[in-house]
Amino acid sequence: QVQLVESGGGLVQAGSSLRLSCAASGRTFSRAAMGWFRQAPGKEREFVAVIHWSGSSRLYADSVKGRFTISRDNAKNTAYLQMNSLKPEDTAVYYCAAGDWGTTQRRYDYWGQGIQVTVSS
């Protein structure tokens, strides 16, 4: 069993940066891929980024590539999403998830409660 808690969201202006954290409890964190997804108002939840349990591989959605960086610290049971050059279209509820490597939601067994990120223009 893994429990995930996101933090670090908020309201920022376009062009700013935020770092989201995802604190995990449970012994399986270090062997789980960690993903970030987001859901904007009126839209379906979409993939943002994923990092392999070893940290050796990362994938990003095209919309965030070059601006967002996913990382993890297995010693702290925490995953991160560094978001730079934020745009209004990045406004969404961001979710972290733990599970198998992949970009689809069904690959993930555990989900955080979500955290709001709002980018003003």
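When only modelled atom types and interatomic distance are considered, Y94 and R38 share a side-chain donor-acceptor pair under 3.5 Å. With no hydrogens or angles considered, no side-chain donor-acceptor pair links T78 and D73 at under 3.5 Å.
For the atom pair H52 NE2 and W101 CH2, the distance stands at 7.0 Å (nearest 0.5 Å). Summarising the geometry, atom CD1 belonging to I51 is positioned 9.0 Å from atom OG belonging to S57; distances are rounded to the nearest 0.5 Å. Residue K65 holds its NZ atom at 8.0 Å from CG of L59, rounded to the nearest 0.5 Å.
Every residue meeting the side-chain hydrogen bond (donor to acceptor under 3.5 Å, both in side chains) condition with R67, not counting sequence neighbours, appears here in chain and number order: D90. Listed by chain and number, the residues in a side-chain contact (heavy atoms from CB on, under 4.5 Å) with S121 are P88 (sequence neighbours excluded). For S16, there are no side-chain hydrogen bond (donor to acceptor under 3.5 Å, both in side chains) partners at least two apart in sequence or on another chain.
Around atom CD of Q116, more than 12 heavy atoms belonging to other residues, nucleotides or ligands sit under 6.0 Å away.
Minimum interatomic distance between L20 and W36 (heavy atoms only, all atoms of both residues): CB-CH2, 3.6 Å. The nearest pair of heavy atoms linking L4 to M34 is CD2-CE, 4.1 Å. Scanning both residues, L81 and V48, for their nearest heavy atoms gives CD2-CG1, 4.2 Å. Across all non-hydrogen atoms, the minimal contact from G9 to I115 is N-CD1, 3.2 Å. Looking at every heavy atom in both residues, A98 comes nearest to V2 through CB-CG1, 4.4 Å. Nearest heavy-atom pair across F47 and A61 is O-CB, 3.5 Å.
In terms of modelled atom types and a separation under 3.5 Å, the side chain of Y108 and the main chain of G102 share a donor-acceptor contact. Checking side-chain atoms of E6 against main-chain N and O of C96 turns up a donor-acceptor pair under 3.5 Å. Between the N84 side chain and the F68 main chain, no donor and acceptor come within less than 3.5 Å of each other.
Contact annotation: the side chain of Y60 approaches that of T69 to within less than 4.5 Å [non-hydrogen atoms, C-beta and beyond]. Contact annotation: the side chain of D100 never approaches that of R106 to less than 4.5 Å [non-hydrogen atoms, C-beta and beyond]. Looking at heavy atoms from C-beta onward, M83 lies out of side-chain contact with S17 at the 4.5 angstrom threshold. Counting heavy atoms from C-beta outward, T91 and V117 have side chains that stay 4.5 Å or more apart. Contact annotation: the side chain of L18 approaches that of L86 to within less than 4.5 Å [non-hydrogen atoms, C-beta and beyond].
Remark: aromatic rings of W111 and F37 are close, center separation under 6.0 Å.
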Determine, step by step, whether I70 and Y80 satisfy the side-chain contact (heavy atoms from CB on, under 4.5 Å) criterion, reporting the C-alpha distance in whole Å, the side-chain angles of both residues, the deciding distance to 0.1 Å, and the verdict.
CA-CA 6 Å; I70 189 171; Y80 305 96; over 6 Å; no
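Hydrophobic cluster membership differs between V93 and V119, with clusters built from Ile, Leu, Val, Met, Phe, Trp and Tyr side chains linked at under 4.5 angstrom.
Judged by the 6.0 Å and 45° rule, R45 forms a cation-pi pair with Y95. Both tests hold for R72 against F29: distance to the six-membered ring centre under 6.0 Å, angle to the ring axis within 45°.
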